[in-house]
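The structure appears below as structure tokens.
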Amino acid sequence: MKHFASCHCQKVQIEIDAPSVLEVQECNCSMCTRTGFLHVIVPASRFTLLCGEEDLTCYTFNTGVAKHYFCKHCGCKPFYVPRSNPDGFSVNLRCIDQSTVQAVNLSQFNGQEWEQEGAALAHLSRE
């Protein structure tokens, strides 16, 4: 199933290939808690940035592995490259057009204990 996502001003637009029933992680780390990010993690091969590359800015911290992309215009964070899945992308469920989403299976992820828990997500970006 093709799902479309965008930032608020729609300058950044994304397409992902994922099931109509989405597996979503809610993380309690300092970044995800503050931004309200709900993770739909996909392999890089199932992610397409349709437009807006020039409208993105990137924020990194700590190890610098995670690449948090924000729209320069509206400040929305529609996707990022997670530290747990550097071979894939995490798209914010809140930015996905809900017309293609049949259901959501939400699970909790303990990002406050990332060093112990991070490997539990690695399988999500594999083909």
Side-chain angles (χ1 to χ4, degrees):
M1 166 77 54
K2 298 285 186 191
H3 298 279
F4 294 94
S6 68
C7 65
H8 187 259
C9 69
Q10 303 214 359
K11 289 183 187 272
V12 177
Q13 296 183 18
I14 303 153
E15 178 183 270
I16 62 169
D17 185 9
S20 60
V21 176
L22 295 175
E23 299 298 323
V24 178
Q25 291 73 41
E26 181 176 23
C27 178
N28 64 354
C29 78
S30 61
M31 176 62 87
C32 295
T33 299
R34 284 172 174 81
T35 62
F37 203 95
L38 296 175
H39 302 264
V40 178
I41 299 173
V42 297
S45 64
R46 297 184 184 183
F47 174 94
T48 305
L49 179 59
L50 298 172
C51 64
E53 184 174 0
E54 67 282 356
D55 298 302
L56 291 168
T57 191
C58 184
Y59 172 71
T60 61
F61 63 97
N62 194 10
T63 64
V65 175
K67 307 292 185 218
H68 299 268
Y69 291 99
F70 295 85
C71 174
K72 292 177 185 178
H73 307 282
C74 67
C76 192
K77 179 182 170 186
F79 72 95
Y80 81 110
V81 177
R83 183 174 166 200
S84 61
N85 301 79
D87 58 342
F89 291 89
S90 181
V91 176
N92 191 347
L93 174 69
R94 298 178 192 276
C95 295
I96 295 175
D97 178 350
Q98 296 298 297
S99 68
T100 55
V101 178
Q102 183 179 24
V104 170
N105 292 327
L106 184 68
S107 60
Q108 302 298 311
F109 176 74
N110 185 8
Q112 291 180 359
E113 305 291 332
W114 198 95
E115 298 302 331
Q116 295 86 344
E117 306 287 335
L121 300 176
H123 71 283
L124 296 171
S125 57
R126 293 189 193 122
E127 291 294 332

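Values below: every heavy atom of this structure, side chains too, minus hydrogens, waters and symmetry copies. The structure displayed is predicted, hence computed values, not measured ones.
The CD atom of Gln98 sits 10.0 Å away from atom SG of Cys95, with the distance rounded to the nearest 0.5 Å. Cys29 contributes atom SG, which lies 9.0 Å from atom CZ of Arg34 (distance to the nearest 0.5 angstrom). Considering OG of Ser90 and CG of Leu124, their distance stands at 9.0 Å, rounded to 0.5 Å. Going from atom CD of Gln112 over to atom CH2 of Trp114 covers 15.0 Å, rounded to the nearest 0.5 Å.
Put simply, the side chain of Asp55 never gets that close to the backbone of His73: no donor and acceptor are under 3.5 Å apart. Remark: side-chain polar atoms of Asp17 are not paired, donor with acceptor, to backbone N or O of Lys2 under 3.5 angstrom. Of the possible polar contacts, none joining the His39 side chain to the Cys27 backbone as a donor-acceptor pair under 3.5 Å is found.
With Ile16 as the partner, the side chain to side chain contact (heavy atoms under 4.5 Å, CB included) test is satisfied by one option alone out of Phe89, Phe4, Phe47: Phe47.
When the salt bridge (Lys or Arg N to Asp or Glu O under 4.0 Å) test is applied to Glu127, the partners found at least two apart in sequence or on another chain are Arg46. Lys67 meets the salt bridge (Lys or Arg N to Asp or Glu O under 4.0 Å) test with no other residue; sequence neighbours excluded. With sequence neighbours left out, the side-chain hydrogen bond (donor to acceptor under 3.5 Å, both in side chains) criterion links Glu23 to Asn105. Residues satisfying the salt bridge (Lys or Arg N to Asp or Glu O under 4.0 Å) test with Glu54, not counting sequence neighbours, are none. Residues forming a salt bridge (Lys or Arg N to Asp or Glu O under 4.0 Å) with Glu117 (at least two apart in sequence, or on another chain): none.
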What side-chain donor-acceptor pairs closer than 3.5 Å can you find for residues 7-15, not counting sequence neighbours?
residue: Gln13; atom: NE2; partner: Gln10; partner atom: O; Å: 2.9

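Between Phe37 and Tyr80, the ring-plane angle classifies as perpendicular under the 30° and 60° cut-offs.
Heavy-atom minimum distance, Cys71 versus Cys74: SG-N, 3.5 Å. Across all their heavy atoms, Ile41 and Gln25 have their closest contact at CD1-OE1, 4.0 Å.
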Discussion item. Walk me through whether His3 and Leu22 qualify under side chain to side chain contact (heavy atoms under 4.5 Å, CB included).
Written reply: CA-CA 10 Å; His3 298 279; Leu22 295 175; 3.8 Å; yes

Item to complete: Report the C-alpha distance between Tyr69 and Val81 in whole Å, list the side-chain angles of each, state the deciding distance to 0.1 Å, and finish with yes or no for side chain to side chain contact (heavy atoms under 4.5 Å, CB included).
Response: CA-CA 8 Å; Tyr69 291 99; Val81 177; 4.2 Å; yes

